[in-house]
Amino acid sequence: MECVLRTQDLTKRYGKNLAVNKVSLTIEKGDIFGFIGANGAGKTTFMRMVCGLIYPTEGSLELFGASSAKELPKMRRKMGALIEHPAVYPNLSALQNLEIQRRYLDVDFGKDPEKTLMELLELVGLGEAADKKASKFSLGMRQRLGLAIALVGNPQFLILDEPTIGLDPIGVMELRELVRKLNRERGITILFSSHNLAEMAQVATKYGFMNKGKLLEVISAEEVQKLCEERGINLETYFVELLMKNR
Ligand code: ATP
């Protein structure tokens, strides 16, 4: 199986605080990996290291089979990420924001780049807001725009940090569908984080449960579903029990 991401003892320390503590995990091509953990568990910090936004204190990181300082930036061009607040230009429209990203990444969309960018906006549900200034967007619309920006480079690996923030229940449902679609139709491997298990429960193929910087367990969706059914509990209870065991 092809590995998209492999970390070994990846660690980030802020003073005495171990934000990420020796996390070793593997994400295989085709996975929809759900990173689950309470606030402050270290999910964002982990993702920031994967994206090269911060340096690890210790440990190693391999992306698409490459781990050297020279190769990692090239591999990161195959990734798209939506981490924390999407960086959008408030005075520009949604479409203009995408065009800026296209030029920045130097992506060739042929003769009519606008058409492809419009398709992207439609995909994330912003087709009708293409010419609206980003400053007029709601939080949910900003998230959608952030997702479209993350997709401009045609990524093979997509990282979404708390993508449901700001979305209403219909938006959450649409996002789940979109994640599935991107995975199924475009073969994109996805790593997303969430502290709301119920919201993203049906979409992940694997879960990584995190708490206080540590990765407690990685389990396939099938396996955890079977365990939950056998015991008549839901995923949330499973996670809470795991937390209690590891206290
Ligand atoms: P959330 O869901 O709230 O985003 P999270 O799981 O993403 O939580 P992180 O944001 O990665 O968690 O934070 C993990 C820990 O690292 C927290 O204790 C946080 O206070 C700390 N931390 C994160 N960034 C920094 C920083 N730049 N300086 C100091 N401490 C930090």
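Every number for a ligand or one of its atoms is a count from 1 in the order of the listing.
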* Whether Phe209 and Tyr207 hold their rings parallel, tilted or perpendicular, with breakpoints at 30° and 60° -> parallel

* Using heavy-atom distances, let me know which of Asn39, Ile165, Thr44 sits nearest atom 10 (O) of ligand 1. => Thr44

* With a 4.5 Å limit on heavy-atom distance, are the side chains of Val107 and Asn154 in contact? -> no

* Structure fact -> Exactly one of Leu191, Val50, Val4 clears side chain to side chain contact (heavy atoms under 4.5 Å, CB included) with Met79, and that residue is Val50

* Asked: Tell me: protein heavy atom nearest atom 16 (O) of ligand 1, and distance?
  -> Ala19 CB, 3.1 Å

* Structure fact -> When Glu217, Glu223, Glu28 are each screened for salt bridge (charged side-chain N to carboxylate O under 4.0 Å, His left out) with Lys206, the one that passes is Glu28

* To do: Specify the protein heavy atom at minimum distance from atom 29 (C) of ligand 1: its residue, its atom name, and the distance to 0.1 Å.
  => Tyr14 CG, 3.3 Å

* Which of the numbered atoms in ligand 1 are below 4.0 angstrom from a heavy atom of Ala38? -> 6 (O)

* Report yes if Ala41 has an N/O atom closer than 3.5 Å to an N/O atom of ligand 1; otherwise report no. => yes

* Which atom names give the shortest non-hydrogen contact between Lys12 and Tyr55, and what distance separates them? -> NZ-O, 2.6 Å

* **ligand 1-proximal atoms of Glu162, by part, heavy-atom distance under 4.0 Å** => side chain

* Asked: Nearest heavy-atom pair of Ala204 and Ala221: which atoms, and what distance?
  -> O-CB, 3.3 Å

* To do: Between Ser193 and ligand 1, find which residue part has any heavy-atom pair under 4.0 Å and reply side chain, backbone, both or neither.
  => neither

* Best match, Leu18, Asn17, Thr45, Val20: closest heavy atom to atom 9 (P) of ligand 1 -> Thr45

* Asked: Quick check: does Gly42 get an N/O under 3.5 Å from an N/O on ligand 1?
  -> yes

* Any idea which of Gly213, Gly40, Gly37 brings a heavy atom closest to atom 14 (C) of ligand 1? -> Gly40

* Asked: When you measure from the side chain of Thr45 to the backbone N and O of Val20, does any donor-acceptor pair fall under 3.5 Å?
  -> no

